[in-house]
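Here the structure comes first, spelled out in structure tokens, and everything after it is commentary.
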Amino acid sequence: MKQPNAWNPRWRLLACAAPAAVFFAAFWLLPVVRLLTLPASKGWSTYFAVLTDSRYLQSMANTVALSVAVTLATLVLGAAVGIYLARHAFAGKRMLLSLLTLPLSFPGVIIGFFVILLGGRQGLVADIGDSLFGQRITFAYGLLGLFLAYLYFSLPRAIATYAAAAEAMNMQLEEAARSLGASRLRVARDVWMPELAPTTLACGAILFATSMGAFGTAFTLASKFEVIPITIYNEFTNYANFALAASLSIALGLVTWLVLFAARRFGANPVAR
């Protein structure tokens, strides 16, 4: 007897995919559509609030500048530490790598708390400054505190990424360059940098996106330096301005998406660069 269509492999595949499709529509597609259409309820000009209002523009500029600075510093330090760990063997190397990547297990709020313990009003630096100069020195709640917290949060990702990439490098190219009399600086410029360029581009894009959207750390520390995630939070929590919060969210998503798109575009076609 011929089996009913319900037992056809195509129907079984559709039956298995249906829950995933429902989940995708309910928890991603519908919220995104709602987010994109919400600003229109207050007028089409709401979509451009981040460009027309100086406060929101300053918040976005602060976020982009901070994210760029953190990304560049993280790439430099992460590359130096990651390559060194990949190229040198010593006792306790695995333990050191584990300790360096330990912050990956901490949420942003705890990272912010660490910075407060170091540079807050009751922190270590404040106690030392009070003992030496009679003045409590704090840096946790401004730009420096956010920068150090973001760097602390991002650095383990860069170290792990560069360590893995350096271990996979083609050592024959470096040996050939050295055999031709290339200096260490020339080897780094002509061998290491081209080999690690895709890793740098991809890692930099992820670090930038992570810094742009970081909330827990900013929520803990950003009392003197406003970033766009905190601005969005204030708009829909304190002022119930959901349309404007949606507009700022779209702007944040566009900036981050453009950077990720550029990284994929140029990272997939090194010749074009």
Side-chain angles (χ1 to χ4, degrees), residues 66-67 69-120 122-129 131-132 137 139-140 144-179 182-211 214 216-217 220-221 263 267:
L66 176 62
S67 299
V70 169
T71 299
L72 294 177
T74 304
L75 288 176
V76 172
L77 295 175
V81 176
I83 293 173
Y84 180 86
L85 291 176
R87 306 296 297 275
H88 295 82
F90 53 88
K93 175 181 174 179
R94 293 183 180 274
M95 178 62 68
L96 177 60
L97 186 59
S98 299
L99 292 175
L100 290 174
T101 56
L102 182 62
L104 290 173
S105 62
F106 296 143
V109 174
I110 295 181
I111 302 299
F113 182 53
F114 285 168
V115 175
I116 291 175
L117 291 177
L118 178 65
Q122 305 299 324
L124 179 62
V125 173
D127 292 340
I128 294 176
S131 300
L132 297 179
I137 301 172
F139 60 82
L144 180 59
L146 274 175
F147 175 82
L148 293 177
Y150 280 30
L151 182 65
Y152 182 82
F153 189 74
S154 302
L155 195 55
R157 293 166 172 80
I159 292 174
T161 301
Y162 274 107
E167 290 179 353
M169 284 176 57
N170 187 352
M171 298 298 297
Q172 294 180 349
L173 295 176
E174 181 177 346
E175 293 172 358
R178 292 188 183 280
S179 66
S183 63
R184 183 171 298 181
L185 181 61
R186 189 72 179 269
V187 169
R189 188 189 68 182
D190 296 340
V191 178
W192 290 6
M193 291 182 64
E195 283 277 310
L196 295 174
T199 298
T200 300
L201 193 59
C203 184
I206 296 299
L207 293 173
F208 178 83
T210 302
S211 299
T217 305
T220 308
L221 300 174

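A distance of 15.0 Å separates CZ in Phe153 from CG in Leu148, rounded to the nearest 0.5 Å. Considering CG of Leu97 and CE of Met95, their distance stands at 11.0 Å, rounded to 0.5 Å. For the atom pair OG1 of Thr220 and CD1 of Ile110, the computed distance is 9.5 Å after rounding to the nearest 0.5 Å. Between the CD1 atom of Ile159 and the CG atom of Leu100 there is a distance of 4.5 Å, given to the nearest 0.5 Å.
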Steps toward side chain to side chain contact (heavy atoms under 4.5 Å, CB included) verdict (Ile206, Thr161): CA-CA 11 Å; Ile206 296 299; Thr161 301; over 6 Å; no
Between Leu221 and Ile116, is a side chain to side chain contact (heavy atoms under 4.5 Å, CB included) present by the stated rule, with each step listed? CA-CA 8 Å; Leu221 300 174; Ile116 291 175; 3.5 Å; yes
Report the C-alpha separation of Thr217 and Tyr152 in whole Å, then their side-chain angles, then the decisive distance to 0.1 Å, and conclude whether the side chain to side chain contact (heavy atoms under 4.5 Å, CB included) test is met. CA-CA 11 Å; Thr217 305; Tyr152 182 82; over 6 Å; no
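Legend: residues meeting ring-ring contact (aromatic ring centres under 6.0 Å, His included) with Phe113, ordered by chain and number and at least two apart, are absent.
Annotation for Ala205 and Ala263: closest pair CB-CB, 3.4 Å, computed over non-hydrogen atoms. Thr74 and Val70 get closest at one heavy-atom pair: OG1-O, 2.6 Å. Heavy-atom minimum distance, Ala160 versus Thr101: CB-CG2, 4.4 Å. The nearest pair of heavy atoms linking Gln122 to Asp127 is O-OD2, 4.1 Å. Residues Leu104 and Pro156 come closest through the heavy atom pair CG-CB, 3.8 Å.
Judged purely by atom type and a 3.5 angstrom limit, Ser154 has no side-chain atom pairing as donor or acceptor with the backbone of Leu151.
Among residue pairs with one or both ends in residues 81-93, those qualifying as salt bridge (charged side-chain N to carboxylate O under 4.0 Å, His left out) are Arg87-Glu174; sequence neighbours excluded.
Side-chain contact check for Ile128 versus Ile137: every heavy-atom pair is 4.5 Å or farther apart. Taking 4.5 Å as the limit, every side-chain heavy atom of Tyr162 sits out of range of all side-chain heavy atoms of Val81. For the pair Leu118 and Val125, the minimum side-chain heavy-atom distance is below 4.5 Å. Between Cys203 and Leu75, the closest side-chain pair of non-hydrogen atoms falls below 4.5 Å.
The aromatic rings of Tyr84 and Phe90 are tilted relative to each other, their planes meeting at an angle between 30° and 60°.
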